[in-house]
Amino acid sequence: MVKVRLLFFLLGVIGPGGGTLLYNGLPSTTTVQENTPAGTKVYTFSVNSTRALTVPPTIINSSPLTKAFRVDFSPPQYNVVTTGTPPLDFETMPNSFELQIYMEDDSETTELQTLTVQLTNVNEPPVFLGSLANQAVTIYIVEGSPKGIIYQVLASDPEDPANTLKASYSLTPSSPFTVSSTTLGDIESTKIFDYETDQRSYPLTVTVTDSGGLSVNGSLTVFITNINDETPYFITTTTSFTIPEEQSPGTILTNITAVDPDAAGFVSTLYYSINTPNQYFSINQLTGVIQIAKRIDREADPFRLNPVITIDIKVTDRPSAGQSNYTTLTITIQDINDNPPLCKKYAYSKAVPETETNGALIIDLSNECTDIDVETQYNIFNFTGLSGLGSNERFQLLPSGSGRIVLTGNLDYEDPNNIGVGNEYSLTVKVQDIAYPYYSQNIYVYVKTIPINEYPPVFNSSSYVFNISELAPPSTKVGQVYATDADYPYIGITYKIVSGGSTLQTSSIFWMNPTTGALLLADYADYETTRQYQLVVEATDSGSKTSTCSVTVNILEANDEKPICTPNSYTLSVPVDQATGSNIQNFKLTCTDRDSGYTSFQYFINSGNVNNHFTLSPSAGSNISRLILANPFDYTNGVDKIWNYKLMVDITDGNVISGSPQPIGIVQTGTVTLYINVYIPGLTTTTTTTTPSVIYVVSSKNVYSDSAWYVPFVATVGALLLLGFLGLLGYLIAKYCPCRSSPKPDTEML
Ligand SMILES: *[C@@H]1O[C@H](CO)[C@@H](O)[C@H](O)[C@H]1NC(C)=O
Ligand SMILES: *[C@@H]1O[C@H](CO)[C@@H](O)[C@H](O)[C@H]1NC(C)=O
Ligand SMILES: *[C@@H]1O[C@H](CO)[C@@H](O)[C@H](O)[C@H]1NC(C)=O
Ligand SMILES: *[C@@H]1O[C@H](CO)[C@@H](O)[C@H](O)[C@H]1NC(C)=O
Ligand SMILES: *[C@@H]1O[C@H](CO)[C@@H](O)[C@H](O)[C@H]1NC(C)=O
Ligand SMILES: *[C@@H]1O[C@H](CO)[C@@H](O)[C@H](O)[C@H]1NC(C)=O
Ligand SMILES: *[C@@H]1O[C@H](CO)[C@@H](O)[C@H](O)[C@H]1NC(C)=O
Ligand SMILES: CC(=O)N[C@H]1CO[C@H](CO)[C@@H](O)[C@@H]1O
């Protein structure tokens with residue numbers, strides 16, 4: 001092809017024309033360095049032409065490589081310059097170009113010459129291959145990785161593609177990485193990196209220098225990457241706490257904060273827990289806030305003995321199975337005054353005799369109360385505020401503040417100041433903490449006063465004299481003794497007869513009402529037997545104190561006795577011719593009266609004195625009176641008709657006490673029955689129509705006793721005799737009765 005062109009140009013030169021067309025300076029040979037930039041002048045020539053050029057000098061080679069050159073016209077000369085496309089590369093292009101430069105003028109004269117361009121080699125710097133060839137390279141190294149190769153720099157020298165000349169490598173900075181030339185650009189780490197402590201990125205420049213001294217720089221950045229390799233640690237430095245007991249659950253004790261060096265402050269990546277068995281505290285696993293979880297009572301076990309709680313806090317970083325660390329918190333539970341004093345009882349009763357002396361200890365409450373608060377200042381208490389009706393005058397806490405209630409007044413029942421309080425004092429005393437908030441409890445003390453029998457009963461008279469008529473029936477009040485007792489409360493005095501008052505028949509004819517002191521008759525008194533009784537009466541108070549008094553009872557005489565005459569029944573016979581005025585059968589009554597003088601006696605024939613035949617003489621003023629025939633009998637004239645007289649004679653006493661002219665009491669009457677038969681002298685057979693009989697009137701005073709043994713005895717014996725007699729009678733009737741048929745009815749009859 002080139003030969004064809006060349007042939008064509010030769011033909012052109014020898015074609016028709018009249019002008020001159022010549023290269024001035026061509027052909028020629030020149031050199032150009034490889035990699036010459038575009039526009040570099042390679043060669044300059046000029047043209048001798050007499051006519052106008054229709055084709056300026058042009059490179060007409062068909063090889064694409066010759067496109068690396070062109071011809072520029074820069075009057076008056078032409079320059080062969082590089083175009084840069086393709087670049088001139090000694091290593092890849094032919095090292096000599098024969099540029100065919102062709103031109104033609106308007107007379108169609110052509111000219112063709114050759115410019116031989118020799119490409120000369122120049123030393124080029126090495127070039128990177130791989131990723132470093134185009135960009136900066138980023139390398140990540142996990143912290144803690146072992147030392148060693150982290151990257152291999154790929155480079156080559158254009159002059160030495162086989163890399164025989166051994167380019168040298170260097171690294172800036174030279175630490176902590178090195179680049180090895182012997183191993184063809186291996187970059188090695190010279191230390192083990194720690195993300196937390198070391199620089200986290202390293203900008204490096206790797207320089208590759210060829211034997212010609214040319215170098216190329218490459219940029220690398222090494223980043224150290226984090227891994228979870230660090231143990232978290234606590235930044236909370238306070239590990240000892242003192243908190244009061246009884247904080248409400250939820251109260252924040254503290255915040256535990258740990259940090260994880262791996263995480264550079266991301267708290268949420270940590271997980272907190274309490275590692276010791278514990279019920280009193282809880283920890284928020286995310287925030288580390290420790291709160292009280294349960295009531296803590298310093299007084300209760302186990303804090304009473306040991307108020308210190310130790311808890312181990314564990315912190316674990318995330319993800320799980322990460323690193324853990326521990327810290328120990330010491331929490332001391334502090335006592336507060338949260339307990340009032342506690343007492344065994346809150347009500348006490350004391351019985352105190354009224355005679356208790358001023359200054360006596362009534363009760364000591366000191367050891368009755370305790371306070372379970374632990375700290376000394378919280379378990380001390382005192383007693384205060386003693387109150388209660390009447391307490392101020394009588395009771396005090398001595399010494400002040402102590403639990404000793406001391407009597408400072410008196411409890412005497414007889415003290416008028418104490419009346420109205422009753423016999424029981426109700427005291428209130430407060431047992432109170434001496435520390436805030438002064439918890440207190442009331443204690444009630446009931447002091448009951450025991451009355452003491454201090455005083456004996458006292459009669460309102462040392463001796464009593466009572467008069468009582470002997471006529472007074474039993475139960476009659478003779479008099480009354482009265483005693484008082486200075487003791488309060490007055491409960492009761494009883495009275496009794498200690499001595500006196502006995503008679504032959506009875507131990508005492510008096511009865512004393514034990515409660516009223518009234519002296520009553522238990523039986524009739526008989527002046528005639530005993531005129532005066534000396535009694536000793538004793539009063540006994542509710543206790544055992546006694547006193548006595550003398551009681552004189554005068555039995556007052558009264559006309560209680562009737563005249564007793566002997567005989568009080570008699571049968572007399574009087575001859576019908578008895579002389580009037582004569583004493584019949586010399587009969588006389590002899591009368592006595594235990595309480596009346598016989599001078600006061602009066603005799604009356606009360607009945608039976610038909611025709612007043614009889615009279616008694618004297619009829620008054622004598623203890624002896626005779627039966628006198630006062631009028632003669634006269635049967636013959638029919639004046640007298642009866643022969644037997646029954647005279648009822650009344651003998652009255654004078655209604656006076658013997659020796660006293662004054663009538664006292666009633667008139668007593670004794671009676672005598674006289675049976676008088678009138679007979680005719682000489683007639684031995686007396687017509688006696690009435691069997692004279694004697695009736696004995698037994699009058700016994702102060703003798704009969706219901707309890708006499710013989711009364712039932714006599715009655716029983718009498719009844720037995722009567723029964724025996726009746727039985728005998730029945731027997732005899734049964735035996736001798738003619739109508740008796742068989743023995744059988746005998747029994748029936750019985
Ligand atoms: C390469 O880097 C070094 C240091 O930074 C510098 O002195 C040198 O001129 C650079 N060389 C090239 C070819 O850029
Ligand atoms: C645990 O944490 C403490 C500080 O709270 C720290 O001094 C200690 O080194 C840590 N333990 C470990 C194994 O990292
Ligand atoms: C604990 O942390 C909580 C919230 O994180 C905060 O409100 C509180 O004040 C902290 N308390 C202490 C004692 O640091
Ligand atoms: C008892 O304790 C209270 C509280 O401390 C105090 O006010 C009071 O005076 C004390 N009383 C006595 C008697 O010491
Ligand atoms: C003794 O007391 C009684 C009852 O009060 C009274 O009837 C009597 O008169 C008193 N006697 C004297 C001597 O005071
Ligand atoms: C008791 O009787 C005596 C003498 O009979 C008399 O002196 C006295 O006054 C009487 N007393 C009374 C209380 O009646
Ligand atoms: C009767 O009275 C006289 C004195 O007048 C006296 O001597 C005599 O003893 C009395 N008889 C009797 C039985 O009492
Ligand atoms: C070969 C030739 O004729 N060269 C001539 C070109 O023109 C210059 C002057 O213009 C002459 O000096 C050269 O001799």
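For ligands, and for the atoms within them, numbers begin at 1 and follow the listed sequence.
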Got an N/O contact under 3.5 Å between Asn623 and ligand 7? yes
Checking the N or O distance criterion of under 3.5 Å, is ligand 7 in contact with Thr590? no
Does any N or O in the side chain of [X] come within less than 3.5 Å of the main-chain N or O of [Y], such that one atom is a donor and the other an acceptor?
X: Thr276; Y: Asn278; answer: no
X: Ser622; Y: Ile624; answer: yes
X: Tyr570; Y: Leu589; answer: no
X: Thr82; Y: Phe69; answer: no

So, Thr669 versus Thr652: side-chain donor-acceptor pair below 3.5 Å or not? no
Should you measure from each heavy atom of Tyr598, which atoms of ligand 7 turn up under 4.0 Å away? 2 (O), 3 (C), 4 (C), 5 (O)
Any carboxylate oxygen within less than 4.0 angstrom of a Lys/Arg side-chain nitrogen, looking at Arg298 and Glu245? no
For the residue pair Arg200 and Phe223, would you count it as a cation-pi contact if the rule is NZ or CZ under 6.0 angstrom from the ring centre and within 45 degrees of the ring axis? no
Quick check on ligand 1: any N or O pairs to the protein under 3.5 Å? One line per pair.
unit_1, atom_1, unit_2, atom_2, d
ligand 1, 2 (O), Asn217, OD1, 3.2
ligand 1, 2 (O), Asn217, ND2, 2.0
ligand 1, 11 (N), Asn217, ND2, 3.3

